[in-house]
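Every chain is numbered from 1 and lettered A, B, ... according to where its sequence line falls, protein lines coming before strand lines. Note: hydrogens, waters and symmetry copies are ignored here, and every other heavy atom, side chains too, is used. Note that this is a predicted model, so its numbers are computed, not measured.
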Amino acid sequence: MRVLNSFKRDYTLHLMLVPALLLVLIFSYYPMFGFVIAFEKFVAHKGFFHSQWIGFDNFRYIFKMPDFWPAFRNTAIIAILKIVGNLIVPIVIALLLNEVRQTFIKRGVQILVYLPHFLSWVILAGILKDILSPSGGIVNELISALGFKPIFFLGDNHWFRFTLIASDVWKEFGFNTIVYTAALTSINPSLYEAAVVDGASRWKQTLYITLPGIVPIIILLATISLGNVLNAGFDQVFNLYSPVTYSTGDILDTLVYRVGIVSAQYSVSTAIGLFKSIISFVLICASYGLAYRLANYRIF
Amino acid sequence: MIKSSLSRRTFLVCNLVFLTGLSLLCVLPILNVLAVSFSSAGAAAAGEVRFWPVDFNVKAYEVVMKEGKFFGALGMSAERLLLGTLINMVLCVLTAYPLSKDSRRFPLRTAYAWIFVFTILFNGGLIPWYLAVKQTHLLDTVWALILPGAVNVFNIILMLNFFRGLPKELEESSLIDGAGHLKTLFLIFLPISLPSLATVTLFTMVGHWNSWFDGLMLMKSPERYPLATYLQSIEIDLSTLRQLNLTDPDTARVVSNRTGRAAQIFMTALPILIVYPFLQKYFVSGLVMGSVKE
């Protein structure tokens with residue numbers, strides 16, 4: 001009877017998973033096996049598994065491509081600087097926000113700084129192109145008014161990476177403070193009371209109570225972000241770059257798009273994508289492994 | 001409260017000024033583009049527009065609205081938003097519920113969970129994904145924008161962690177009373193998960209509204225682009241637009257590309273700005289709750 005009951009119970013549970021499993025099978029696992037075309041001279045009508053096998057020729061080709069290594073370098077530089085910025089800025093802002101005692105000011109600031117996170121890069125790229133324009137854009141009007149030369153943020157290779165990183169941090173810093181704010185509220189208030197009795201100043205309290213209180217979450221987020229070292233942000237770069245800024249702004253994901261979709265070199269594009277996927281996979285696994293070791297973090 | 005020292009008060013004032021400036025930095029760019037969209041082409045080109053329209057007019061919006069493509073794209077976006085969010089959410093709770101079970105009760109739970117988690121660790125890349133969707137013959141239909149992304153593993157994890165935080169007794173008593181798993185999920189679990197559900201629903205809606213790349217890849221005919229993709233397709237190349245502007249002085253007198261584009265950007269952002277107050281009411285609590293684990 002118990003066996004029958006448990007089978008009946010499991011039966012519904014299994015059934016509930018069927019729709020999602022089917023979709024994942026079709027749209028995630030089937031394409032996953034499509035990586036084999038990186039080793040083929042792919043012909044569309046022959047399909048993933050029946051095109052001519054050419055081994056590592058596509059990889060030899062991409063490693064000699066003039067665009068490949070610069071894109072790889074750009075990807076790593078942009079992604080790493082974004083990770084650093086997106087880690088440090090929110091901590092500072094969360095700590096400053098924590099010092100504000102008036103609730104309505106705190107709420108007001110939070111409402112405004114969370115906003116850019118919810119706008120897509122298509123919208124934000126439109127906004128950035130407008131305000132950063134060297135002819136009539138408000139930022140350059142301001143720069144001119146201060147007596148400097150206008151800067152072509154999106155068309156000058158000296159500035160393009162900076163613009164990418166700064167605008168990404170601008171978009172995400174507010175949203176990223178949420179985690180820290182939550183961690184800050186969970187610090188035991190009696191620690192502060194004890195520190196006040198001992199005569200610790202606010203600065204000392206921040207240094208010896210607040211910061212240590214959020215160090216675990218900082219370590220956790222830093223570790224997990226390791227997996228993003230090759231994710232420089234396709235949406236952002238794709239909507240902001242132009243041939244002029246390819247040399248500093250072209251990343252692996254945009255290269256995959258141009259080679260695959262614009263030039264229709266399916267196999268070469270997939271080889272570049274696979275190269276990135278494998279490195280990313282190793283990094284993500286390492287980061288989750290580390291997060292598990294350091295912070296006992298589990299995904300589910 | 002201990003009387004604060006001079007340095008403390010100075011710090012607090014500076015802090016407030018800094019944070020206010022920072023908040024303004026997050027909205028002023030949006031306000032500037034809004035002001036440009038309501039300004040005349042000449043004023044915009046001369047860089048006279050700050051955060052208030054110069055020579056107020058709504059011509060840019062008229063031009064955008066007269067363009068039939070805009071409403072077509074809006075309709076496509078609405079369709080994918082409604083259908084897509086519904087399907088996403090049904091799949092999300094249906095999948096999160098079994099996965100939230102203890103592995104002693106549901107032994108295959110961990111294996112199933114890994115099947116889903118693996119899809120966020122590794123993917124075949126752009127081209128194989130595109131070719132796979134193409135083989136389903138969904139290209140150019142609204143289903144191409146809905147089904148490939150219908151299983152959102154991050155949302156499922158958020159939801160399943162929330163379900164795991166619910167008291168075990170709830171489920172046990174419901175099952176003892178003879179309710180099946182489906183009844184337990186829809187009549188017991190969901191009503192008490194409203195904040196988390198609201199968060200995930202709003203995030204899903206924003207996701208559907210904002211996604212543009214799938215439209216670009218999977219819609220063969222530009223008339224079927226959703227709004228985000230349509231906006232992306234018209235703003236992609238700044239230089240060609242500017243050349244267009246120079247060679248066609250007639251259009252430039254009424255509405256320039258710049259004010260027209262500003263109007264379009266703002267109209268695309270408007271739905272997000274409207275739901276944003278509701279969104280931010282829920283997402284903080286919903287996110288924090290979802291991250292609580294045993």
(message) Going by the rule salt bridge (charged side-chain N to carboxylate O under 4.0 Å, His left out), which residues pair with A:Glu99 if we only count those two or more places apart in sequence or in a different chain?
(response)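 So A:Glu99 forms a salt bridge (charged side-chain N to carboxylate O under 4.0 Å, His left out) with A:Arg202, B:Arg8.
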(request) Please name all residues satisfying salt bridge (charged side-chain N to carboxylate O under 4.0 Å, His left out) with B:Glu171, sequence neighbours left out, ordered by chain then number. (result)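 B:Lys101, B:Arg105.
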(message) Below 30° counts as parallel, above 60° as perpendicular, anything between as tilted: where do the rings of A:Tyr29 and B:Phe118 land?
(response)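 A:Tyr29 vs B:Phe118 ring planes: parallel.
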With a 4.5 angstrom heavy-atom cut-off, which part of [X] approaches chain B: side chain, backbone, both or neither?
| X | value |
| --- | --- |
| A:Leu274 | side chain |
| A:Leu128 | neither |
| A:Tyr257 | both |

Name the option with the most non-hydrogen atom pairs under 4.5 Å to chain A; the candidates are [options].
| options | value |
| --- | --- |
| B:Leu160, B:Val27, B:Ile115 | B:Ile115 |
| B:Leu185, B:Ile120, B:Leu25, B:Val206 | B:Leu25 |
| B:Val90, B:Thr119, B:Thr110, B:Leu108 | B:Thr119 |
| B:Trp212, B:Trp129, B:Phe266, B:Tyr112 | B:Trp212 |
| B:Ala113, B:Ala46, B:Pro148, B:Ala132 | B:Pro148 |

(request) State, with a plain yes or no, whether a side-chain heavy atom of B:Asn123 is found less than 4.5 Å away from one of A:Met32. (result)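 A side-chain contact under 4.5 Å is absent here.
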(message) With heavy-atom distances below 4.5 Å as the criterion, would you say the side chains of A:Leu119 and B:Ile30 are in contact?
(response)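 Yes. Closest side-chain heavy atoms under 4.5 Å.
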(message) Could you check whether A:Asp130 pairs with B:Arg258 (Lys NZ or Arg NE/NH1/NH2 to Asp/Glu carboxylate O, under 4.0 Å)?
(response)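 Looking at B:Arg258 together with A:Asp130, the answer is yes, because their closest N to O distance falls below 4.0 Å.
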(request) Could you verify whether a donor N or O on one side chain and an acceptor N or O on the other, from A:Trp121 and B:Asn210, lie under 3.5 Å apart? (result)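 Looking only at side-chain atoms, B:Asn210 and A:Trp121 do not form any donor-acceptor pair under 3.5 Å.
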(message) Under a 3.5 Å distance rule, please check whether A:Tyr266 uses its side chain to pair with a backbone N or O of B:Ile127 as donor and acceptor.
(response)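 Side chain of A:Tyr266 to backbone of B:Ile127: no pair is present.
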